[in-house]
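Working notes, structure below.
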Amino acid sequence: MPDLLRTDSLVEPPLPPDFYDRDVVQVARELLGKRLYRHSRDGVVAGRIVETEAYLATGDSACHAARGRTRKNVSMFGPPGRAYVYSIHARWCLNAVTQPRGVPSAVLIRAVQPLLGIGRMQRRRKSQRTVDLARGPSRLCEAFQIDRRLDGWDLSRGQRLWLTHDPDDPLPDHCIGNSPRIGVTSALDLCLRFYLRDNHYVSGPKRLRI
DNA sequence: CTACCGATTGACT
DNA sequence: GTCAATCGGTAGA
């Protein structure tokens with residue numbers, strides 16, 4: 001299995017900027033099942049994306065750009081296909097920036113299923129349970145060694161941090177669940193969280209995983 | 001400079 | 001389920 005994965009990953013090119021230069025909700029749905037790769041000093045880790053959330057340019061009070069541009073959220077304004085990494089509660093979270101330049105929108109990557117470099121993730125996370133290594137946006141960043149230094153990074157370069165298609169992709173609609181976003185205190189009426197149904201690696205309470 | 005706040009997590013009931 | 005530790009970013013004095 002690791003050999004198969006290794007072969008696939010080397011042939012598969014990174015998702016191009018065009019993939020991200022579309023409606024943020026569409027991108028959030030399509031990122032499910034894609035692979036996330038991180039190549040850092042001590043090697044490569046990878047996982048399959050199982051949970052995302054969309055943050056909208058307009059009508060979304062929970063979006064970090066809702067009150068305009070600041071030093072922290074500049075990456076959200078584009079260009080598409082860059083990383084937006086921000087800190088919350090003394091931890092980091094990873095987003096993929098979407099839509100044309102100047103439109104502040106992004107997809108939060110909330111959880112991945114670890115595929116490659118599990119031992120490395122266990123050491124970084126100080127946890128043995130594979131299911132807990134990258135279930136939750138900041139756990140994911142700890143396992144993948146992602147912090148502010150990757151804010152603004154070009155995800156289409158295929159270096160340090162990138163995404164690819166997965167052999168299973170695209171996924172049928174009936175596999176995809178939808179709910180309000182987790183942890184936000186406003187815009188609770190918006191159902192902008194997407195996840196793979198019945199997947200162990202999805203975060204949140206059980207009722208938000210089926 | 002101080003005073004909050006939060007797209008979280010882990011420990012605990 | 002509840003709760004508090006955590007610290008970077010922001011706003012304001």
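We name chains A, B, ... by the order of the sequence lines, and we start the count at 1 in each one. Fair warning: this is a prediction, and the values are worked out from it, not measured in the lab.
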In Watson-Crick or G-U wobble terms, with both distances under 3.5 Å, the base opposite C/dT6 is none
Please tell me which of A/H89 and A/R148 maps to the more 5' nucleotide of DNA chain C, matching each residue to the nucleotide holding its nearest heavy atom.
A/H89
A/V184 or A/D132: which one's nearest nucleotide on DNA chain B is closer to the 5' end?
A/V184
Taking the basic N atoms (NZ, or NE/NH1/NH2) and the acidic carboxylate oxygens, is any pair closer than 4.0 Å for A/R160 and A/D154?
no
So, do A/Y86 and B/dA7 meet the stacking rule of ring centres under 5.5 Å and planes under 30°?
no
Report the base-pairing partner of B/dA7 (Watson-Crick or G-U wobble, both distances below 3.5 angstrom), or none.
none
Where the side chain of A/S87 is concerned, which of B/dA7, C/dG8, C/dT10 is the nearest nucleotide?
C/dG8
Check this one for me: any side-chain N or O of A/R125 less than 4.0 Å away from OP1 or OP2 of B/dG10?
yes
Answer yes when A/D173 and A/R29 have at least one side-chain N-carboxylate O distance shorter than 4.0 Å, and no when they do not.
yes
Nearest to the side chain of A/R139 - B/dA7, B/dG10, B/dT8?
B/dG10
What I want to find out is whether A/E30 reaches A/R22 closely enough, with some N-O distance under 4.0 Å, to be called a salt bridge.
yes
At a cut-off of 3.5 Å, list every protein nitrogen or oxygen paired with a nitrogen or oxygen from nucleotides 11-13 of chain B, distance to 0.1 Å.
none

At 4.0 Å (heavy atoms only), tell me whether A/R193 reaches a base, stays on the sugar-phosphate, or touches nothing.
nothing
A/R91 side chain N/O closer than 4.0 Å to the phosphate oxygens (OP1, OP2) of C/dG8?
no
